[in-house]
Structures are given as C-alpha cells and as structure tokens.
Amino acid sequence: MEKLRLGILGLGEGRSTMSAALNSEKIELVQVCDLNEIMCRQRAKEFDFHNYTTNYYELLENPNIDAIAIYTPDHLHAEHIKLALQHGKHVVCTKPFIDDLSDANDLLALSKKMNRHVFVGQSSRFFEPMKKQRQDFEEGLIGELITVESYYHADHRWFLNKPWSLNEKFKWLYGGLSHPVDFIRWYLPNIDEVFGYGMLSQNGSINGLKNQDTMHFVFKTDDDKVARVSGAYTGPVQPATRDSEMSCILRGTEGASQADYMDLRYAVTDKTGEERILTWEHKLKHYFRFEGKSHHAGEYQNYLEYFAESIFSDKPAFPDIKEGIGTIALLQAMDETLSSGKPVRPNDILASYNIKLSDLK
C-alpha cells in the first residue's frame, strides 16, 4: 500500500498526530520536530519513535518526507507553511490556518506555484457523528437545507490557569468558536454578513480573562439563508446525557439531524419520518487515546488518511487553503461586529487585504 511519508512540527498538539500516524496503514512517520528537546525526548519514550530533531530545516530538507503537519503557535503558522511549500512539501496545518490575512495572498500564490496540497486540520469534521451527518446530508436524507445551528459550550475555567490565556491577545472567539463556525461554513460556505453580541462573564472577569467568554452570532448567506452559532466557556454545563459540549444541528425541508461532540452520538429524523439515535461507543479507543478526552488522535488519523488519499488521487482536500483563509475572514468579521455593534461582511474583510478567493481555481 502506498503511504504518505510525514514529518511533524510541534509535539504538544502533535502528540495526537504522532499516535495517528503510527497507527495508520496509510501514513509513514519519518521524522518529528520541536524546539523543546525535553518534549522530543518525552515523545520518543512515549511512542518508541526516536527520529526527532530540534531544527525545522532538517524536516524541510529531508528528501524522504512528502508532507509536513504543523502544530505550532498560531502566529508562526504562515512562516512555517511558507517554508514547507518552498521546500516542495504538502502541508497539513492545524486551525486557525493563519492569524494575519496579510500573509494570505503570498501563501495562495506559493501553493499554486509549487502545486502542493494545503489542508487545514479542522479535526471536528472528522469525528464519527459529524462524518455520518455529512454523509446523510449529501445523500439527501433531510432534503434541502433550511438552516444550521451550532454551538460550543464548555466549562473551561481550568484553562485560565495557563498564564497565556489571560493575555490581552487571547480570545475564545478564535480558540473555541472556530470549531462550530467551521460547521456553519461547511454547509453554508457563502456567508454574506454576520452580526453578534458578546460579553465577559462574572466568572471570566474574576479569573482575569480580558476578552468575551460568552457570544452569540447570526449569519446570513448571499442567497438569504440564516444560521446561528454560540459559545460560552467559563461556566458549568449540562450533563453529557442531556447536552454535549459541542453540536451541529441541520434543519432541512424533509428532516433534521444533530451530531454531537465529544460524545459519540448522532440523531436524525429522515425524509421517511423515521427517527434514529446512533452511538459509537466501540470506537472510543480510536478517538480518545490519552487523558480522558483531551486529545484528538482518532480525528487526526481520520483526516491524515483522507489527506493522503487526496494526494494519491490528486484531488483537493477540504478544508483547503481557500476555506482556511475564508474562515479567518469570517472570524475577523465576527470580532469586528462585537466591537462595532454593527453587521459586518466577510468579503469586506477580504477586500481590505485585496484577497479575491472567488477568482482562484
């Protein structure tokens, strides 16, 4: 079987990717890299994989590596993607794709020039309930889509123990809401306008958080469909038997469906009127391999294998570079509406950087 030969940059989140690659029949893990040599040694011991380096250029110049998976801090993504492309590597980059849209046009041009796949590791698309929901939607089980609702509500007060989470630059808008926002764009890619409100809750304020931890947004597409998304991050949540921390709800002309995360649970009312609830408890060990459910190795294995297949068949892997940039523009529009109190158009954000995604093939 043909295998995609992979290098991994960043071994914090990249821990899940190491597990994913080493357990996949479609991936060959060649080399890993992290600036922190102690981290490299920990991962080498944990996975009995010892080909590591603290120098990114060793990965870039390794002729046995076809693709590089990037899990570094957000502000480094653009430079690391650029270097990988310049060295002829395909790229997987964790979300958010980049943190500065002024880098977008250079990356778009470079990926086209080098003819390499660039894939955004939006892992929640590759969780079992979300995969099933998408399959049912594409097969027409709920008819034509009317609207999408998505949310991510979690008690992340523990997260505020990390000093950098209290930095002025840290925003749950990007760190949390990017997941349910991606579900919205997956089904309604042509968002024309967004409007929303946000607040810093009492819990967040007491613990030193600087930006909104509770937000609600409404979207309108260019063909006048509407959708909504919400996030709340510093308060208690419902029991998992009642409400998952993250969910995507599709309402169609002939049915409806709801996919949950991190619970392996999916519900659908299809066009025949049949109601079903599906679970995948037998796949728990595939999806969650470390402490509780704090890592995403199963999703990463699913998307790495999808990425490998796209390269072998020379087909696009979605979300691709254009989707990744479009999602950043939408998140920036959401950020702007929170501060301005007015609706904002993502296309206006793109235009301000002279980015024309519609012109790209």
Side-chain angles (χ1 to χ4, degrees), residues 4-22 24 27-36 39-40 43 47 49 51-62 64-104 106-111 114-126 174-175 178-179 182 295-297 299-308 310-311 316-325 327-328 331:
L4 181 68
R5 299 176 300 176
L6 188 71
I8 300 172
L9 177 65
L11 301 183
E13 186 180 349
R15 177 191 189 192
S16 291
T17 319
M18 287 189 70
S19 174
L22 291 168
S24 173
I27 307 295
E28 177 187 346
L29 185 58
V30 177
Q31 193 173 23
V32 299
C33 177
D34 197 286
L35 278 176
N36 185 340
M39 176 76 76
C40 292
R43 298 292 178 249
F47 294 107
F49 181 88
N51 191 9
Y52 65 80
T53 177
T54 58
N55 185 348
Y56 184 31
Y57 281 90
E58 287 191 33
L59 258 65
L60 296 170
E61 295 167 1
N62 189 328
N64 296 318
I65 292 177
D66 303 315
I68 293 178
I70 297 170
Y71 301 93
T72 52
D74 299 352
H75 68 281
L76 299 176
H77 289 179
E79 180 64 18
H80 289 155
I81 295 164
K82 178 181 177 181
L83 286 168
L85 290 172
Q86 287 174 336
H87 285 79
K89 311 299 187 185
H90 301 286
V91 176
V92 179
C93 182
T94 188
K95 63 84 190 169
F97 179 60
I98 54 178
D99 73 338
D100 186 348
L101 286 175
S102 63
D103 296 312
D106 287 345
L107 293 177
L108 286 163
L110 186 58
S111 66
M114 300 303 294
N115 192 28
R116 290 295 179 266
H117 287 64
V118 179
F119 170 67
V120 183
Q122 194 69 50
S123 62
S124 45
R125 289 192 187 191
F126 294 84
Y174 296 94
S178 54
H179 285 288
D182 180 67
H295 287 266
H296 311 278
E299 297 155 64
Y300 287 14
Q301 184 170 334
N302 290 350
Y303 78 49
L304 285 176
E305 292 176 352
Y306 164 78
F307 183 55
S310 76
I311 292 172
F318 298 106
D320 62 1
I321 186 169
K322 287 173 57 178
E323 272 195 87
I325 291 168
T327 296
I328 297 302
L331 289 167

Mind checking whether L110 and K82 have side chains closer than 4.5 Å, heavy atoms only? yes
Using 0.5 Å steps for rounding, measure from the CD1 atom of I321 to the CZ atom of R116. 14.0 Å
Just checking, is any N or O donor in the side chain of E13 or Y300 under 3.5 Å from an acceptor N or O on the other one? yes
Evaluate the salt bridge (charged side-chain N to carboxylate O under 4.0 Å, His left out) criterion for residues R125 and E323: first the C-alpha distance (whole Å), next the side-chain angles of each, then the deciding distance (0.1 Å), finally the verdict. CA-CA 13 Å; R125 289 192 187 191; E323 272 195 87; 2.8 Å; yes
Contact between V30 and N62 at the side-chain level, heavy atoms closer than 4.5 Å - yes or no? yes
Expected output: side-chain D34 to main-chain L11 donor-acceptor under 3.5 Å: yes
From CA spacing to verdict: side chain to side chain contact (heavy atoms under 4.5 Å, CB included), Y303, Q122: CA-CA 9 Å; Y303 78 49; Q122 194 69 50; over 6 Å; no
Determine whether V91 and I70 satisfy the following criterion, side chain to side chain contact (heavy atoms under 4.5 Å, CB included), listing intermediate values before the conclusion. CA-CA 8 Å; V91 176; I70 297 170; 3.9 Å; yes
Minimum heavy-atom separation for L4 to A308, with atom names? CB-CB, 3.8 Å
Has N64 got more than 12 heavy atoms of other residues, nucleotides or ligands less than 6.0 Å from its CG? yes
Ignoring hydrogens and angles, tell me if any N or O in the side chain of S111 forms a donor-acceptor pair with the backbone of L108 under 3.5 Å. yes
Determine, step by step, whether Q31 and Y52 satisfy the side chain to side chain contact (heavy atoms under 4.5 Å, CB included) criterion, reporting the C-alpha distance in whole Å, the side-chain angles of both residues, the deciding distance to 0.1 Å, and the verdict. CA-CA 6 Å; Q31 193 173 23; Y52 65 80; over 6 Å; no
Work out which heavy atom in G7 is nearest to a heavy atom in I65; give both atom names and the distance. N-CG2, 3.7 Å
Answer with yes or no whether the side chains of S123 and H296 bring together a donor and an acceptor at under 3.5 Å. no
Derivation of the side chain to side chain contact (heavy atoms under 4.5 Å, CB included) call for Q86 and M114: CA-CA 7 Å; Q86 287 174 336; M114 300 303 294; 5.9 Å; no
What are the two closest heavy atoms between L35 and T54, and how far apart are they? CD2-O, 3.8 Å
Between S102 and D100, a side-chain donor and acceptor under 3.5 Å: yes
For F97 together with H77, are the ring centres under 6.0 Å from each other? no
Determine whether a donor-acceptor pair (N or O, by modelled atom type, separation under 3.5 Å) exists between the side chain of D66 and the backbone of L6. no
What's the shortest heavy-atom distance between L107 and I81, and which atoms? CD2-CG2, 4.1 Å
With a 4.5 Å limit on heavy-atom distance, are the side chains of R15 and Y71 in contact? no
Can you measure from OG1 (T17) to CD1 (I8) and round to the nearest 0.5 angstrom? 5.0 Å
Can any side-chain N or O of R5 pair as donor or acceptor with the backbone N or O of I27 at less than 3.5 Å? no
What's the shortest heavy-atom distance between P316 and Y306, and which atoms? O-OH, 4.0 Å
For K95 against S178, the heavy-atom pair lying closest together: NZ-OG, 3.4 Å
Note, L101 side chain near I328 side chain (heavy atom, < 4.5 Å): yes
Nearest 0.5 Å, please: how far is CZ in F49 from SG in C40? 11.0 Å
Using modelled atom types and a 3.5 Å cut-off, is there a donor and acceptor pairing between side-chain atoms of Y56 and backbone atoms of L9? no
Would you say the side chains of S24 and Q301 form a donor-acceptor pair under 3.5 Å? no
Less than 4.5 Å apart, side chain to side chain, heavy atoms only: is that true for L83 and Y57? yes
How are the rings of F119 and F307 set relative to one another: parallel (under 30°), tilted (30 to 60°) or perpendicular (over 60°)? parallel
Quick one: pull up NE2 in H117 and CG in L85 and give me the separation to the nearest 0.5 Å. 12.0 Å
So CD1 of I98 and NE2 of H75: to nearest 0.5 Å the spacing works out to 14.0 Å
Measure the shortest side-chain to side-chain distance between C33 and E58 over non-hydrogen atoms and say whether it is less than 4.5 angstrom. no
